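This report refers to the structure that appears directly beneath it.
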Amino acid sequence: MGMIKSALFTGLFLCSSSALGLSQAAGEEPIRIGVISSLSGPFAQLGEDGVDGIKIALEEVGNKIGGREIQLFVEDDGADPSTAIEKVRALVNRDKVQLILGPLSGSAGQAVKDAADEWPNATIVVAGAAAEDITMRGIKPNVFRTSYTGAQPTFPLGDYAYKQGYRNVAIVAEDYAFPYAQVGGFMSTFCSLGGKVPKKFWVPIGTSDFSSIFPDLSGIDAVFVALGGTDAVNFFQQMEGFGLIGKVKILGGTVTVDATQLTSVGELLDGVVSASIMSGQIDTPAFKALDEKFRSKRDRAPSLFTENYYRAAKWSLLALDNMGGRIEDQNTFRTKLHETSFAAPASWVSFDQHHNVVTDVYLNQVKNVGGEWLNVPIRTYSTVGQFWTFDPKEYQAAPSYNRDLPACP
């Protein structure tokens with residue numbers, strides 16, 4: 001897709017308000033939708049996949065809802081929290097959007113949630129960011145999340161790891177909100193069963209050299225890796241260089257072993273088990289349709305972020321269609337959005353009372369299927385919420401996951 005620095009995303013039907021004329025009824029004006037994704041930096045490929053997902057959802061409705069054409073504005077936040085806030089501000093104040101899909105990065109999503117009171121007349125549908133507190137420990141009336149929390153898919157992975165016989169697991173993860181939740185979910189179940197995590201390695205986004213970590217991976221049963229984008233690719237390639245692939249068991253985070261990474265390092269990850277709300281093989285009409293449409297664009301399997309951003313757009317379009325496209329009525333739109341449930345490509349989805357998605361979770365294993373490295377589901381957990389089996393009040397009363405919590409050394 002190349003560099004997308006601002007304003008209108010080409011390739012969609014665009015319509016200017018000046019061409020429509022001021023005398024026309026509101027129902028004839030375009031619906032303005034903003035998109036925030038990470039289109040530069042380590043997560044650029046993931047971000048491009050997300051925008052592709054939105055394009056596919058809009059193409060399915062002919063870029064119209066309720067007889068109104070859709071005008072799309074795409075912004076790159078570079079996975080930076082302060083930039084994400086600036087981009088939302090520009091989309092609302094400059095471009096007059098009333099619906100924003102995104103952002104992708106957990107820290108950016110958390111920052112936008114924290115600042116959401118600034119934009120009471122816009123609804124933000126978080127399409128990729130999985131920092132836990134976006135939809136707990138206080139929710140915002142104009143913020144919904146259609147992706148997941150970082151802990152949501154990794155709760156069952158911790159249970160799986162212990163039952164596989166792993167007792168000592170090291171952690172390698174990026175040092176921000178989303179990996180804190182991924183690690184926190186894994187450790188909550190793994191440690192409760194008696195597992196130990198004696199070593200944690202937190203690295204900045206964009207780390208290129210992991211060599212100092214590898215000597216410390218001796219004496220463990222497995223390493224849980226919560227890295228994304230090029231960080232994950234670099235880690236596994238360097239792990240191979242140190243002769244550790246095949247010697248140290250790997251457990252994968254949700255974005256770590258996603259389809260985008262498998263195109264680069266799938267052979268190194270043969271047999272690796274990971275946890276996600278997405279898989280490479282799901283036997284539903286919605287998944288098969290998305291898979292076919294994305295492959296026609298990119299000649300590869302859709303990634304987690306393709307599905308997540310597609311899901312966010314589809315969810316919003318269904319709600320808008322149910323109210324005749326009247327995006328100006330934000331209160332009704334939010335009610336319709338919250339009431340909407342449907343068969344997304346990865347699973348049936350709905351909202352909980354905290355504005356977060358309830359979705360299926362897959363334990364996937366990397367396998368070569370017909371010459372292509374794919375995530376193949378080995379177990380499915382249906383209708384998983386963000387609190388797993390824990391009491392929501394007790395869960396939210398506990399401190400948020402961070403570099404030090406949980407701990408079971």
Side-chain angles (χ1 to χ4, degrees), residues 9 11-13 30-37 46-74 97-104 123-130 135 143-148 259 276-279 282 284-298 301-327 332-352 355-360 383:
F9 184 73
L12 295 173
F13 190 100
I31 295 172
R32 297 176 177 87
I33 299 177
V35 177
I36 297 180
S37 195
L46 311 180
E48 291 181 4
D49 282 8
V51 177
D52 279 344
I54 291 175
K55 288 176 61 180
I56 292 169
L58 293 180
E59 288 164 2
E60 289 178 351
V61 298
N63 299 310
K64 286 186 178 181
I65 283 291
R68 300 174 67 176
E69 289 156 353
I70 295 171
Q71 189 173 8
L72 202 67
F73 299 79
V74 176
V97 307
Q98 291 176 294
L99 169 62
I100 292 174
L101 307 177
L104 182 148
T123 298
I124 300 160
V125 177
V126 177
T135 50
V143 176
F144 295 76
R145 173 166 36 200
T146 57
S147 49
Y148 61 107
S276 183
I277 63 166
M278 178 65 166
S279 184
I282 301 174
T284 66
F287 178 85
K288 291 176 180 177
L290 178 63
D291 185 72
E292 179 181 352
K293 291 169 185 175
F294 185 78
R295 285 180 184 275
S296 70
K297 291 178 179 290
R298 302 297 177 192
S303 70
L304 169 74
F305 292 101
T306 309
E307 199 276 351
N308 278 187
Y309 271 72
Y310 171 91
R311 174 190 297 194
K314 186 77 170 181
W315 211 319
S316 302
L317 294 171
L318 287 170
L320 282 170
D321 189 53
N322 200 24
M323 54 184 290
R326 293 178 292 106
I327 189 68
T332 298
F333 173 61
R334 291 168 193 170
T335 298
K336 296 295 184 183
L337 186 68
H338 194 263
E339 292 174 348
T340 297
S341 59
F342 71 105
S347 75
W348 186 268
V349 293
S350 61
F351 280 118
D352 68 11
H355 296 185
N356 189 68
V357 66
V358 177
T359 182
D360 290 355
T383 58

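Hydrogens, waters and symmetry mates are skipped; everything else that's a heavy atom, side chains included, is used. Predicted, not measured: the structure shown is a model, and the values here were computed from it.
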_Test side chain to side chain contact (heavy atoms under 4.5 Å, CB included) on R68 and L320; report intermediate values, then the result._
CA-CA 11 Å; R68 300 174 67 176; L320 282 170; over 6 Å; no
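- Not less than 6.0 angstrom separates the ring centroid of F144 from the ring centroid of W315.
- Take K336 and apply the salt bridge (charged side-chain N to carboxylate O under 4.0 Å, His left out) test, not counting sequence neighbours, and it matches no residue.
- Between I282 and F287 the shortest heavy-atom distance is O-CD2, 3.1 Å.
- Every side chain to side chain contact (heavy atoms under 4.5 Å, CB included) that T335 has, sequence neighbours left out, goes to E339.
- Looking at residues two or more places apart in sequence or on another chain, you find no side chain to side chain donor-acceptor pair (under 3.5 Å) involving S37.
- For the atom pair D352 CG and T383 OG1, the distance stands at 12.0 Å (nearest 0.5 Å).
- Looking at heavy atoms from C-beta onward, E307 lies out of side-chain contact with P302 at the 4.5 angstrom threshold.
- Contacts of S279 classified as side chain to side chain donor-acceptor pair (under 3.5 Å), with partners at least two apart in sequence or in another chain: N364.
- Shown here for I31 and G325, the closest heavy-atom pair between the two residues is CD1-O, 3.6 Å.
- How far CG of L337 is from CG of N322: 11.0 Å, rounded to the nearest 0.5 Å.
- Salt-bridge check for R298 with E48: failed, with every basic side-chain N at 4.0 Å or more from each acidic carboxylate O.
- Heavy-atom minimum distance, A319 versus F333: CB-CE1, 3.9 Å.
- In this structure, K64 has no salt bridge (charged side-chain N to carboxylate O under 4.0 Å, His left out) partners at least two apart in sequence or on a different chain.
- Atom-to-atom distance recorded for H355:NE2 and I124:CD1 is 12.5 Å, nearest 0.5 angstrom.
- Taking the side chain as every heavy atom from C-beta outward, L46 and L304 never approach each other to under 4.5 Å.
- Side-chain contact between S147 and V357 is absent, with no heavy-atom pair separated by less than 4.5 Å.
- Applying the ring-ring contact (aromatic ring centres under 6.0 Å, His included) rule to F294 yields no partners; only residues at least two apart in sequence or on another chain are considered.
- Listed by chain and number, the residues in a side chain to side chain contact (heavy atoms under 4.5 Å, CB included) with A312 are L101, V125, A127, T146 (sequence neighbours excluded).
- Side-chain contact between V61 and D321 is absent, with no heavy atoms from C-beta onward closer than 4.5 Å.
- Applying the side chain to side chain contact (heavy atoms under 4.5 Å, CB included) test to L318 and every residue at least two apart in sequence or in another chain returns K314, T340, F342.
- Considering CD1 of I100 and OG of S316, their distance stands at 11.5 Å, rounded to 0.5 Å.
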_Test side chain to side chain contact (heavy atoms under 4.5 Å, CB included) applied to I54 and I33, step by step_ = CA-CA 11 Å; I54 291 175; I33 299 177; over 6 Å; no
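- Side chain of Y148 to main chain of N308: no donor-acceptor pair is present (N/O by atom type, distance under 3.5 Å, no hydrogens or angles).
- The closest side-chain heavy-atom distance from V51 to Y309 is not below 4.5 Å.
- In terms of modelled atom types and a separation under 3.5 Å, the side chain of R311 and the main chain of P345 share no donor-acceptor contact.
- Evaluation of the side chain to side chain contact (heavy atoms under 4.5 Å, CB included) rule for K297 yields K55, I56, E59 as partners, not counting sequence neighbours.
- Annotation: the span from Y310 atom OH to L58 atom CG amounts to 10.0 Å, rounded to 0.5 Å.
- Here the closest heavy-atom approach between residue S303 and residue M278 is recorded as O-CE, 3.8 Å.
- The salt bridge (charged side-chain N to carboxylate O under 4.0 Å, His left out) search around D291 returns R295, not counting sequence neighbours.
- Every residue two or more places apart in sequence or in another chain that forms a side chain to side chain donor-acceptor pair (under 3.5 Å) with S347 is listed here: T359.
- The salt bridge (charged side-chain N to carboxylate O under 4.0 Å, His left out) test applied to R334 returns no partner, not counting sequence neighbours.
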